[in-house]
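These notes are about the structure you will find just below.
Atoms within a ligand are numbered from 1 in the order they appear, just like the ligands themselves.
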Amino acid sequence: MYRPVLRVPDFPTLEREVLRFWEENRIFDKLREQTANGSPWSFLDGPITANNPMGVHHAWGRSLKDMYQRYHAMNGHALRYQNGFDCQGLWVEVEVEKSLGLQTKRDIRHYGIEKFVRTCKERVLTYAARQTEQSIRLGYWCDWDDPKLLLALRDALADGDRVVTAKLPSGRTETARASEIIRKLGSPEYGGSYFTFSDENNYTIWAFLKKCHNQGFIYRGHDVMPWCGRCGTGLSQMEVAEGRRITTHMSVFVRFPVKGQEGTALLVWTTTPWTLMANVAVAVNPDMTYLKIRHGDWMYYVAKTNFERNRIQELQVEGKHETHTLPSIRAILKGTGSVEVLEELPGRDLLGLTYEGPFDEFPAQNLPGGVFPYGVTGLGRASAESHLVVAWSQVSEAEGTGLVHIAPGCGAEDQQLGKENDIPFIAPLDESANFLQGFGQFTGRNANAVADDVVAALKASGRLVARERYPHVYPHCWRCKEELVFRPVDEWFIRMDWRDRIRRLVPTIKWIPPEGESREQDWLRNMGAWMIA
Ligand SMILES: [Zn+2]
């Protein structure tokens with residue numbers, strides 16, 4: 001009555017038998033015929049990036065999607081069964097750059113943007129075909145393109161955009177240049193998976209941007225933002241949050257001699273020594289207590305709590321939790337000489353002091369108005385002439401010396417503080433995070449590769465007081481893992497004034513499921529200016 005069953009079931013063989021049965025008996029086609037007159041149920045697929053073979057985590061998600069579709073088909077609905085492939089963005093570009101051995105944006109321009117875009121499309125077609133094969137093997141029912149057709153289109157595109165004859169999932173046959181067919185993949189007359197590189201998708205995005213532009217929501221901005229020198233691009237806050245990692249940097253304690261107070265200096269601390277070349281000001285908290293201390297031949301200003309207390313570093317990122325106890329600044333200084341506290345004073349007494357910066361010999365420090373990489377130079381005094389101690393309520397007792405080195409061209413908060421105090425702006429890096437002209441021996445070198453040489457230069461000029469390996473959470477590029485820098489961008493933004501208008505529209509939409517409404521509101525609430533890039 002029953003066929004014998006293997007004691008240890010051979011699942012791969014069983015699966016292939018089921019797939020063969022489905023194919024030989026056209027089971028999927030029969031299901032679609034059966035439900036053709038049912039009420040429509042439309043699943044909108046969030047597309048998988050066609051950049052590599054599918055991983056197990058993709059297979060999980062796809063199995064769930066398949067289950068939903070099957071469930072609704074079993075209830076008699078007519079479904080669209082359209083899978084999507086995401087073809088755009090840096091995921092694809094970074095892989096193509098690797099395969100071509102390109103290092104920077106400039107390399108891409110040299111290679112040729114059109115050729116590069118074509119190579120990206122070829123990669124997408126390669127992996128769309130692969131992921132289609134994998135999905136079919138998974139048993140996922142969709143209106144699939146023939147993987148062999150996708151590969152044939154790829155080869156014809158690579159081979160001078162040959163004319164091909166394509167049999168499409170809708171049953172239609174088309175003879176045209178490969179590029180003509182590729183740009184219409186997924187359209188209603190072709191059927192099959194949708195591809196985000198389609199004309200329809202691209203022109204819709206441009207149409208949306210045009211609408212924004214007509215209403216005055218698009219502007220060109222120069223805000224200081226996190227930047228990846230390797231990818232040559234700015235990163236959004238969301239992207240930065242993905243690349244935060246615990247990193248140990250060489251931090252330095254540097255003396256900035258106070259003008260008019262012989263033998264007295266500000267004790268300044270930073271974890272990014274390269275930014276010292278762009279130093280313009282020093283910030284103190286007017287309401288914190290500071291000390292004047294003697295250490296060897298010098299007297300320093302330093303915040304009292306920071307000076308006396310061991311520094312506890314609680315680092316928490318991506319499930320990792322580390323606690324580091326670092327010695328007090330007093331203990332660090334004691335290692336190289338005796339320390340004596342001379343007097344206590346409020347931070348406000350330091351406001352308005354002027355000082356000699358650590359790299360005032362560089363031409364960049366002596367240019368009126370400073371350095372701006374996008375061709376607009378501000379007017380006014382040079383940085384070296386105007387180094388000033390300014391007030392900033394964000395200076396805390398938790399970190400550093402309580403005297404914060406301010407480089408408006410290397411940090412968003414610094415930029416803001418610079419604007420408030422009308423001080424020069426020095427942005428030292430180009431798009432690849434290499435130093436621009438005017439930075440002495442560092443010109444042309446990468447910001448992430450100069451830390452040791454900056455320390456050596458500070459030592460040679462007698463500015464280095466101490467150094468310390470300092471663990472902290474630092475942002476990295478989520479795509480290529482490079483450490484990020486901060487620099488002004490030259491980008492187009494969508495002004496978020498329209499946010500409130502959209503928020504008023506949100507409740508008028510029928511949300512399926514209903515919790516979509518609060519998600520959308522949350523997303524809009526948390527959105528800053530939107531960089532188009
Ligand atoms: Zn990167």
Environment of the Zn ion (ligand 1) in terms of protein N/O/S atoms, cut-off under 2.8 Å: C228 SG, C231 SG, C477 SG, C480 SG
Identify every side-chain donor-acceptor pair in residues 205-215 under 3.5 Å, counting partners at least two apart or on other chains, and give the distances.
{"unit_1": "Q215", "atom_1": "OE1", "unit_2": "R501", "atom_2": "NH1", "d": "3.2"}

Counterpart residues, side-chain hydrogen bond (donor to acceptor under 3.5 Å, both in side chains), relative to R80 (two or more places apart): S42, Q82
Compute the ring centroids of F372 and H222, then answer whether they are less than 6.0 Å apart. yes
Spatial distance of atom CG (D223) from atom CD (Q416) [nearest 0.5 Å]: 9.0 Å
Residue pairs passing the salt bridge (charged side-chain N to carboxylate O under 4.0 Å, His left out) test with at least one member in residues 438-447, sequence neighbours excluded, are R445-D453
Y474 and H249 aromatic centres sub-6.0 Å: yes
